[in-house]
Amino acid sequence: MKKNIIAMNASIMIGLGSILAAPSVYAESISNLEKQKESIQDKRSGVESNISETEKKIDNLQEKQMTAEDQIAAIEAKIAESAKKIDAKNAEITQTKKEIEALKEEIKVLKERIAKRNEVLKERALSFQETGGDVNYLEVLFGSSSFGDLVDRVGAVATIAEADRDILKQHELDKKDLEEKQKAVETKLASLEVAKAELLEIQKQQKQQKQEKDALVKKLKQQTEKHEHEKMGLEEEKANLAAQEKAIKSAISLEHQRLAELEAARKKAAAEAKKRAEQEAAQAAAQAASQASQATETKKQSTSSGYSAKSNSSSSSSQSSSNVSQAPAVSSGTFTRPSAGYVSSTMGERWNKQHAGIDIAASGTVPVVAAADGVVSRSYFSSTYGNVVFVTHSIGGQQWTTVYAHLSSRQVGEGAVVAKGQQVGIMGNTGHSFGQHLHFELHKGPWNYSKSNAVNPLNYINI
């Protein structure tokens, strides 16, 4: 009898020990979750800092772009001004060429005049050579018939001599004028051509400057677009980290709730154990006189205990069978297969980009399930992922994140607690997708824009 009481008390203490041990396990889990939450907060702070730095870069690039565009506008104004000056020079050159053409006509007339004078002068020279020069003049004078005639002849001779001198003088002046006009026009034309060449060179340099500024603006725009795309990715990462932090907080709350429930169960179990021990002691004292009666009572208690255990086992089995989800079947590993179908694309480089997960393709209405217990951190429509669900998991103190993308519909919202194998959506073809499939990602840690935490799902899930 004493042995049976000792054995029963030992069994009760073992049960209490397991109940008492559970809170410490949950407390450790809460501690791990708190660390994960702090890690996510640190990462959020880092991402916010990166966003701020990226915004500064974008502002700086846009400022440079505006400066460059202002410079381009100034250069274009200078190019337009140079073009006007070139047009003016072209007009001057055209006018000068017209003047040259007119001068050519004058020169032609002048040359004809000079040629005629040359003929006259040649005749005078020939006459001088044949008669000895002044003989003609003497003959004219001595041939006069009277004094009056002599006077007339002297005047005539003087007039002829003066005319010859005038011809020679005008001849020299015309030749000099011709040379000066030719020189002046040629100098003016050459000067205009030089000025035009200088303006064309200036315009060429201005156009080159504009091309360089255009190239700079194009480069600045490309850099701005790159940083804006990076900012969008960082903002999405920030949103995901915020959602994961919320999910971790929800998980911590659940752990606290479980811990409270376990503490209440522990107290209740301790009270029941104390009461049972007292009852056992009273029964032992009351039944000390009758060994057979005590043995019968012990047998009844054993039968009752076995029936209770069997009943609890049956209830657990029934509950387990009621949680069986649609295909695919839930596996026994850490992660279960997220959907039916075949792997149409594996993790690795694809289209010159890193494909951070696997694609599972199938036709028809295909349910997509959670790969493990967790909290839905995000459930939204993305331009690239389409309908997508992010689930945060805490397994053995390690944070994991699973991503279910391109869904035709989502069946869970942010903050929802999901069980392993619970349906989260239907396979689809939304977002940047070609054909119906599930894009599934597994991240050891939080999701980030660079997807540096992504691991190959095929190393963790049997598909």
Applying the side-chain contact (heavy atoms from CB on, under 4.5 Å) test to Leu442, which of Asn456, Val455, Val403 qualifies?
-> Val455
What's the shortest heavy-atom distance between Ala371 and Phe440, and which atoms?
-> CB-CZ, 4.0 Å
Can the ring centres of His432 and Phe434 be said to be less than 6.0 Å apart?
-> yes
Distance col, row Asn448:CG vs His443:NE2, nearest 0.5 angstrom, shows 7.5 Å
Ile358 versus Ile463: any side-chain heavy-atom pair under 4.5 Å?
-> yes
Note, Leu199 side chain near Lys196 side chain (heavy atom, < 4.5 Å) | no
Going by heavy atoms in the side chains, are His406 and Asp359 under 4.5 Å from each other?
-> no
Does CG belonging to Asn459 count more than 12 external heavy atoms closer than 6.0 Å?
-> yes
Is the closest basic N to carboxylate O distance between Lys218 and Asp214 below 4.0 Å?
-> no
Roughly how far, to the nearest 0.5 Å, is the CG atom of Asp373 from the OG1 atom of Thr334?
-> 11.0 Å
Going through the distances and angles, do Leu407 and Leu438 end up as a side chain to side chain contact (heavy atoms under 4.5 Å, CB included)?
-> CA-CA 7 Å; Leu407 304 175; Leu438 167 68; 4.0 Å; yes
Are the side chain of Lys420 and the backbone N or O of Ser331 linked by a donor-acceptor pair below 3.5 Å?
-> yes
Distance-only polar pair, side chains of His393 and Thr402, donor-acceptor under 3.5 Å | yes
Tightest non-hydrogen contact, residues Ile360 and Pro338, listed as CD1-CG, 3.9 Å
With respect to Tyr380, which candidate in Val389, Asn387, Val388 satisfies the side-chain contact (heavy atoms from CB on, under 4.5 Å) definition?
-> Val388
Judged by atom type as modelled, is there a donor-acceptor pair below 3.5 Å linking the side chain of Arg410 to the main-chain atoms of Ser379?
-> yes
Lys183 backbone acceptor or donor facing Thr187 side chain under 3.5 Å | yes
Side-chain heavy atoms of Gln399 within contact of Pro446, under 4.5 Å | yes
Closest non-hydrogen atoms of Leu192 and Glu92, given as atom of the first, atom of the second and distance, are CD2-OE1, 3.3 Å
About how many Å separate NZ of Lys57 and CG of Leu61, when rounded to the nearest 0.5 Å?
-> 9.0 Å
State whether the side chain of Asn60 and the backbone N or O of Lys56 hold a donor-acceptor pair below 3.5 Å, judged by distance alone.
-> no
Minimal non-hydrogen separation, Thr401 against Trp447, with atom names = OG1-N, 3.8 Å
Does Lys451 NZ have over 12 foreign heavy atoms under 6.0 Å away?
-> yes
Side chain to side chain donor-acceptor pair (under 3.5 Å) partner of Ser82, the single match among Glu201, Gln203, Gln206 = Gln206
Hey, mind stepping through Met347 and Glu441 against side chain to side chain contact (heavy atoms under 4.5 Å, CB included) and telling me if it holds?
-> CA-CA 9 Å; Met347 183 175 178; Glu441 294 179 12; over 6 Å; no
Can you tell me if Thr224 uses its side chain to pair, donor with acceptor, with the backbone of Leu220 under 3.5 Å?
-> yes
Crowding at CD, Gln354 (>12 non-hydrogen neighbours, <6.0 Å) | yes
Ionic contact status for Glu81 with Lys85, cut-off 4.0 Å = yes
For Met427 and Ser339 the tightest heavy-atom approach is CE-OG, 3.5 Å
Which distance, rounded to the nearest 0.5 Å, do you find between the NZ of Lys84 and the CD1 of Ile86?
-> 13.0 Å
Report yes if some heavy atom in the side chain of Gln62 is under 4.5 Å from a heavy atom in the side chain of Glu228; otherwise report no.
-> yes
Could you check whether the rings of Phe335 and Trp400 sit parallel, tilted or perpendicular, using 30° and 60° as the cut-offs?
-> perpendicular
Roughly how far, to the nearest 0.5 Å, is CD1 of Ile51 from CD of Glu230?
-> 10.0 Å
Could you grab the distance from atom CD of Gln205 to atom CG of Leu200, nearest 0.5 Å is fine?
-> 11.5 Å
Using a 4.5 Å cut-off on heavy atoms from C-beta on, say whether the side chain of Val424 contacts that of Gln411.
-> no
Mind checking whether Phe381 and Thr430 have side chains closer than 4.5 Å, heavy atoms only?
-> yes
Heavy-atom closest pair (Val417 atom, Gln422 atom, distance to 0.1 Å) is O-OE1, 4.0 Å
